[in-house]
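The structure presented is a predicted model; accordingly, all values stated were derived computationally and were not measured. Every chain is numbered from 1, with letters handed out A, B, ... down the list of sequences. In what follows, every heavy atom counts, from backbone to side chain, and hydrogens, waters and symmetry copies are set aside.
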Amino acid sequence: MAQKPSIPKGTRDFTPSEVVKRNYIFDVVKRHFQTFGFQPIETPSFENSETLMGKYGDEGDRLIFKILNSGDFLNKVNDELYSLKDSNKITSSISEKALRYDLTVPFARYVVMHQNELDFPFKRYQIQPVWRADRPQKGRFREFYQCDADVVGSDSLLQEVELIQLYDTVFTELKLDGVTIKLNNRKILAGIAEVIGAKDLLIDFTVALDKLDKIGEDGVKKEMLSKGISEFAIEKAAPLFNLKGSNTDQLDALDALLENSKEGKKGVDELRFIMETIVSLGMQSAKLVIDVTLARGLNYYTGAIFEVAAPKGVSMGSIGGGGRYDDLTGIFGLKDVSGVGISFGLDRIYLVLEELNLFPEAIDRSLEVLCLNFGTKEGLAALKLTTVLRKHGIKADIYPSEAKLNKQFKYANNRNVPYVILLGEEELNNSSFVVKNMQNGEQKTYSLSDTQQFIDSL
RNA sequence: GUGGUUGUAGCUCAGCUGGUUAGAGCGCUGGAUUGUGGUUCCAGAGGUCGCCGGUUCGAACCCGGUCUUCCACCCCA
């Protein structure tokens, strides 16, 4: 019985046109990763579970795809554990491997394992798929690509500055105008939590704060209260909810708010340095704004936090993000290696470019010239001509069988071929070929002994 | 993981309170046109109505389950 074919939830097939467009984005991103001095690495699609588990919080652990052990794995579980039917506890006994959830943690593992071969600061880029057992939504898949650039082994803030320039360069090249790079600093958030006396609830505080533009001031306060943050503390943090004005105005306000927090002050200073340096360097097309409510991202960030928002009017979550993490390699035994990195969300950038119609024209043109087939003898001559064109790097093909011209032309039309070559009995007799321009219908005759004339006209 | 939503021809979608043989546009195939596509005209093919079960004399339509789509939450690229 034939079964109806299907693919798992949250995964996709890509058509030729989609692959070409995705490659276009990959190529731009990759090219600029390289011009900024990053080197490529790749890591396995699955890692040992202990490498990944516990690095992304409880929520993250739930979203990691676990790989079942091979063999009779259930038989190896001890009876007591089995009878408890506790999925979380039994997982580690039946699964030792898991699909990678992002590229940053595997990179940290890579740096630790290869520390003696690397020259620090080590700048690496990595473009590979990652998997999350999430519930799919628009722009949210269970298999998707991340394009990451990270620097480890340097705590210079110039790295942050360069990464912002890298974002700006890539989005400018993609013609994606009006992208906003949001910038915040974990130290500021920690400082605020300290100042208002909610140091232990930093994560809950930031997660709630992050929702400000979504659920509003009242919604944020409500959530903070429900997480156990006191009314007094929330009132103290109130200036945050209305932080407006220019970047420098906001920095000054933060300075005042954080005057009793050493860590918070440091965060403001870092932010100020990055902002001022970027201002003096200038940006090509992106906007850089401070957003103290920006808190998303993973728990391992310790300094700068980036998030890239699509141009206004496009409904899409963030199309990139990143930040500085001072001790990611520490969990694998390598201390005092600071890292900072950014990620491009390829799948979402694709959706945005598609929506705004920003892919180059004719990008998915897979064929420039199609030779029609008029029979055995004529077909052979056409194939010779096709071979010459191909040697000149022209995407050329010959229709494989002597079908009706109507059908051959229709095929050329559907494949969007700009030039069709007719080489029939008459042309063969006088060593010529006819080129039809499919846009305007004009036909020109060229000599078979001077194909260069046609090639030059392209 | 929680709540909701969607699924009918290759594609986009109609289909009345449950009632004979489930429709349209586009696309596809053939013809008008034996060497000229994208326009036009004519004809034709194509559907286990997501899947499984239930209610009913009778189910695309009602009910349950399941898969899928999209949305909100959680979280995130």
Does the pair A:Lys55 and A:Ile331 meet the rule for a side-chain contact (heavy atoms from CB on, under 4.5 Å), with working shown?
CA-CA 9 Å; A:Lys55 308 300 190 295; A:Ile331 44 181; 3.3 Å; yes

For RNA chain B, which residues in residues 142-152 of chain A have a heavy atom at a distance below 4.0 Å?
A:Phe144, A:Gln146

Students often get this wrong, so: under 4.0 angstrom with heavy atoms, is A:Phe344 touching a base, only sugar-phosphate, or nothing?
nothing

For a quick check of understanding: with a heavy-atom distance under 4.0 Å over all strands, which category does A:Gln408 fall into, base, sugar-phosphate or nothing?
nothing

Let me know the distance between CZ of A:Arg135 and P of B:U5, rounded to the nearest Å.
13 Å

Considering only the C1' atoms, how many Å lie between B:A59 and B:C51, rounded to the nearest integer?
16 Å

Distance, C1' atom - from B:U40 to B:A22, rounded to whole angstrom
30 Å

Using the P atom as the reference point in each nucleotide, state the distance between B:U21 and B:G58 in Å, no decimals.
14 Å

Rounded distance in Å between the C1' positions of B:A45 and B:C28
9 Å

What is the separation between atom CG on A:Asp102 and atom P on B:A77, rounded to the nearest whole Å?
8 Å

Sequence neighbours excluded, the answer for side-chain hydrogen bond (donor to acceptor under 3.5 Å, both in side chains) partners of A:Ser338 is A:Arg324, A:Asp326

Suppose you measure atom C1' in B:A24 against the same atom in B:U34; what distance do you get, rounded to whole Å?
35 Å

Quote, to the nearest angstrom, the C1' distance that separates B:U68 from B:U5.
12 Å

Suppose we call a contact any N or O donor and acceptor under 3.5 Å apart; does that hold for the side chain of A:Glu427 and the base of B:G35?
yes

Could you walk me through whether A:Phe46 and A:Trp131 pass the side-chain contact (heavy atoms from CB on, under 4.5 Å) check?
CA-CA 10 Å; A:Phe46 55 97; A:Trp131 296 270; over 6 Å; no

Taking only side-chain nitrogens and oxygens of A:Lys436, does any of them come within less than 4.0 Å of OP1 or OP2 of B:U36?
no

Please confirm whether the ring centroid of A:Phe26 lies under 6.0 Å from the ring centroid of A:Phe344.
no

Check whether any side-chain nitrogen or oxygen of A:Gln137 sits under 4.0 Å from OP1 or OP2 of B:A72, and answer yes or no.
yes

I would like to know whether A:Ser49 and A:Ser95 meet side-chain contact (heavy atoms from CB on, under 4.5 Å); could you show each step before the answer?
CA-CA 8 Å; A:Ser49 295; A:Ser95 164; 4.1 Å; yes

Roughly how many Å is it from NZ in A:Lys222 to P in B:C73, rounded to a whole number?
15 Å

Report yes if at least one side-chain N or O of A:Asn406 is closer than 4.0 Å to OP1 or OP2 of B:G37; otherwise report no.
yes

Salt bridge (charged side-chain N to carboxylate O under 4.0 Å, His left out) between A:Arg12 and A:Glu18, intermediate numbers included
CA-CA 11 Å; A:Arg12 297 149 297 160; A:Glu18 286 167 336; over 6 Å; no

Could you state the atom-to-atom distance from CG of A:Asn413 to C1' of B:U39 in whole Å?
12 Å

Length of the line joining A:Asp61:CG and B:G1:P, which is rounded to integer Å:
15 Å

Integer-rounded Å distance: B:G31 C1' and A:Lys404 NZ:
8 Å

Measuring only the P atom in each nucleotide, how far is B:C42 from B:G27? A whole number of Å is fine.
14 Å

Could you tell me if A:Arg124 sits above the aromatic ring of A:Phe38, with its cationic atom closer than 6.0 Å to the ring centre and no more than 45 degrees from the axis?
no

For RNA chain B, stems built from three or more consecutive Watson-Crick or G-U wobble pairs below 3.5 Å:
B:1-4 with B:70-73, B:10-13 with B:23-26, B:28-32 with B:40-44, B:50-54 with B:62-66

In whole angstroms, how far is the C1' atom of B:C75 from the NZ atom of A:Lys211?
9 Å

Closest to the 5' end of RNA chain B, once A:Pro136 and A:Val308 are matched to their nearest nucleotides, is A:Pro136

In whole angstroms, the gap separating P of B:C75 from OH of A:Tyr300 amounts to 16 Å

So, A:Thr15 and A:Ser17: side-chain donor and acceptor under 3.5 Å apart, yes or no?
no

Does OP1 or OP2 of B:G27 have a side-chain N or O of A:Asn414 closer than 4.0 Å?
no

Looking at A:Lys407, I'd like to know whether one of its side-chain N or O atoms comes within less than 4.0 Å of OP1 or OP2 on B:U36.
no

Do A:Arg132 and A:Phe65 form a cation-pi contact, if we require the NZ or CZ to be under 6.0 Å from the six-membered ring centre and within 45 degrees of the ring's axis?
no

With A:Tyr125, which of A:Lys30, A:Gln39, A:His32, A:Gln34 fulfils side chain to side chain donor-acceptor pair (under 3.5 Å)?
A:Gln34

Taking the C1' atom of each, how far is B:U8 from B:U29, in whole Å?
23 Å

Of the listed nucleotides B:A77, B:G38, B:U36, the one nearest the side chain of A:Lys410:
B:G38

How do A:Asn437 and A:Asp134 order along RNA chain B: which one's closest nucleotide is nearer the 5' end?
A:Asn437

Considering all heavy atoms, the nearest A:Ala310-A:Ile319 contact:
CA-CD1, 4.1 Å

